[in-house]
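Computed from heavy atoms alone, side chains included, the values below leave out hydrogens, waters and symmetry copies. All chains are named by letter (A, B, ...) in the order of the sequence lines, taking the proteins before the strands, and each is independently numbered beginning at 1.
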2 protein chains.
Amino acid sequence: MPQSKPEVRQSRASETRKRTRIQLEKEELILEAALDVFASHGFRGATLDQIADQAGLSKPNLLYYFKNKETIHRQLLDRLLDNWLRPLRELNENGEPVSEIKSYIRRKLELARDYPRESRLFANEILQGAPRIGDELSDLKILVDEKAKIIRNWSDAGQLKKCDPHHMFFAIWATTQHYADFDVQVQVVLGGMGQGEGRFEDAARFLDQLFVEGLAP
Amino acid sequence: MPQSKPEVRQSRASETRKRTRIQLEKEELILEAALDVFASHGFRGATLDQIADQAGLSKPNLLYYFKNKETIHRQLLDRLLDNWLRPLRELNENGEPVSEIKSYIRRKLELARDYPRESRLFANEILQGAPRIGDELSDLKILVDEKAKIIRNWSDAGQLKKCDPHHMFFAIWATTQHYADFDVQVQVVLGGMGQGEGRFEDAARFLDQLFVEGLAP
DNA sequence: GTAATCTTTGACCGGCTGGTAAATTTTTTA
DNA sequence: TAAAAAATTTACCAGCCGGTCAAAGATTAC
């Protein structure tokens with residue numbers, strides 16, 4: 001019974017075989033361009049022509065490296081999640097509670113400052129109901145539950161005020177990512193005041209105060 | 001020199017003349033449907049066919065009431081901004097500082113609970129660079145600056161901790177709107193815990209504590 | 001150097017998109 | 001009740017969308 005596979009081989013570059021130099025370069029180029037476009041228009045609002053344009057490639061050439069729009073988007077999200085959750089993974093059970101939380105906030109704020117497009121890509125996806133990332137969110141839940149337990153232990157030991165750990169995480173995510181996701185609004189409201197990256201230092205100061213006074217026992 | 005205006009009259013319903021019963025009804029129906037669609041796909045991701053479908057109308061019929069896609073979107077945003085900023089307008093200079101801020105937070109959280117689609121519509125617009133609302137944001141700045149002055153006076157009078165008022169507002173916006181904009185994520189992370197509307201009460205408790213301890217002198 | 005492989009291109013496709021024109025049906029007005 | 005106005009529908013359009021195909025051009029391996 002010989003299987004006659006049609007051996008359809010679209011977009012070879014995405015096969016699991018070893019990649020050539022050009023493949024690695026172009027894939028990076030495309031992902032970079034796609035990040036720009038997806039972050040500022042959302043999945044449905046972004047077009048392959050835009051991405052190809054931004055990357056300086058023709059559309060068919062782009063599709064030689066990624067078999068379709070969704071694959072590009074998915075890969076960006078996968079890559080993102082890993083970096084995005086690192087600060088939370090690094091929250092150390094054995095550290096000093098308040099300074100652990102302070103440095104978690106600091107790191108999240110640095111991500112918002114240094115990787116605003118990634119933040120917006122994620123925000124777009126969640127905002128629109130996470131239709132293409134829903135599954136990965138359960139991993140997030142596991143991680144958060146684990147870290148929430150640490151917070152609760154600190155609370156119980158009197159090293160932190162009593163508070164709902166999950167909502168504490170929400171508050172930290174919201175306040176830090178706000179500076180990336182709502183950047184336009186922040187800039188308008190601050191006007192000339194927080195020009196350049198100064199606003200991130202002001203934000204860091206404010207958030208430090210808010211959470212330390214709000215959470216330290 | 002008689003001007004021979006072509007008298008192009010598309011979408012009569014949107015003229016400034018008195019509206020019929022049917023016009024009022026259908027316009028409302030369309031805006032309601034459009035809110036759904038725009039909130040979950042953003043401007044570019046939303047299609048007129050989707051909106052017409054959701055409203056139970058044919059596309060040309062929809063365009064009889066609104067002359068194009070942008071008009072619908074614009075009207076939703078205009079309507080929204082008014083309601084959205086009301087809590088801030090109500091922040092009362094002569095009230096007791098901490099309770100004023102507490103009730104501001106409470107009201108913003110209620111908006112997030114009761115009008116999540118409006119929150120997402122706004123979030124989508126800002127996230128994508130506010131290309132269709134940029135101008136109105138300057139009104140926001142004026143309002144915020146005015147209210148920031150009140151906060152600063154309270155701080156100076158020792159009725160509140162010293163803090164940057166603008167960043168305080170950002171923190172309040174971020175934390176409250178987070179429950180509407182990132183609802184999917186919140187629900188996944190809370191799992192069975194904050195089912196129904198219980199999560200909003202938990203959130204209110206947490207945010208009250210955070211901001212009161214963080215800001216009360 | 002040449003054959004095999006990898007990369008790029010141009011031409012194309014069916015379906016969707018925002019939007020229009022005109023004819024028809026329904027409602028209001030007198 | 002009949003004419004005028006308002007509302008709806010059908011048919012349509014040009015341009016864009018994600019994606020395919022086959023052939024040509026560039027690299028690499030031997």
Nearest non-hydrogen partners of L91(B) and K147(B), listed with the distance: O-NZ, 2.9 Å
Measure from [atom1] on [X] to [atom2] on [N] and round the result to the nearest Å.
X: H73(A); N: dG18(D); atom1: NE2; atom2: P; result: 13 Å
X: H41(A); N: dC16(D); atom1: NE2; atom2: P; result: 15 Å
X: F66(A); N: dT7(C); atom1: CZ; atom2: C1'; result: 15 Å
X: D53(A); N: dG18(D); atom1: CG; atom2: P; result: 12 Å
X: L57(A); N: dT9(C); atom1: CG; atom2: C1'; result: 12 Å
X: Y65(B); N: dA6(D); atom1: OH; atom2: C1'; result: 8 Å
X: L63(B); N: dC13(D); atom1: CG; atom2: C1'; result: 14 Å
X: L62(A); N: dG10(C); atom1: CG; atom2: C1'; result: 16 Å

Counting distance alone, no hydrogens or angles: does the base of dG18(C) have a donor or acceptor under 3.5 Å from a partner atom on the side chain of K59(B)? yes
Which of the following nucleotides, [options], is nearest to the side chain of [X]?
X: D49(A); options: dG18(C), dT8(D), dC17(D); value: dC17(D)
X: Q23(B); options: dA6(D), dC17(D), dC6(C); value: dA6(D)
X: N61(A); options: dA7(D), dT17(C), dT7(C); value: dT7(C)
X: N68(B); options: dA7(D), dG18(D), dG19(C); value: dG19(C)
X: P60(A); options: dT20(D), dA7(D), dC17(D); value: dT20(D)
X: R44(A); options: dA7(D), dT17(C), dT7(C); value: dT17(C)

Under 3.5 Å, sequence neighbours excluded: what are the donor-acceptor pairs made by side chains of residues 39-46 of chain B?
{"residue": "S40(B)", "atom": "OG", "partner": "D36(B)", "partner atom": "O", "Å": "2.9"}
{"residue": "H41(B)", "atom": "NE2", "partner": "Q50(B)", "partner atom": "NE2", "Å": "3.4"}
{"residue": "R44(B)", "atom": "NE", "partner": "G45(A)", "partner atom": "O", "Å": "3.1"}
{"residue": "R44(B)", "atom": "NH2", "partner": "G45(A)", "partner atom": "O", "Å": "2.8"}
{"residue": "R44(B)", "atom": "NH2", "partner": "Q50(A)", "partner atom": "OE1", "Å": "3.1"}

Aromatic plane relationship, H73(A) with F38(A) - under 30° parallel, 30 to 60° tilted, over 60° perpendicular: perpendicular
Check K141(A) with D145(A), please: is the shortest side-chain N to carboxylate O separation under 4.0 Å? yes
Are E125(B) and R132(B) within salt-bridge range, i.e. N to O under 4.0 Å? yes
Along DNA chain D (nearest heavy atom to each residue), the more 5'-positioned of S58(B) and L48(A): S58(B)
Taking only side-chain nitrogens and oxygens of K26(B), does any of them come within less than 4.0 Å of OP1 or OP2 of dT8(D)? yes
With a 4.0 Å limit, can you tell me whether Y64(A) has a side-chain N or O closer than that to the phosphate oxygens OP1/OP2 of dT8(C)? no
Does E70(B) or G56(A) map to a spot on DNA chain C nearer the 5' end, using the closest nucleotide for each? G56(A)
Checking all strands, does A52(A) fall into the base, sugar-phosphate, or nothing category for heavy-atom contacts under 4.0 angstrom? nothing
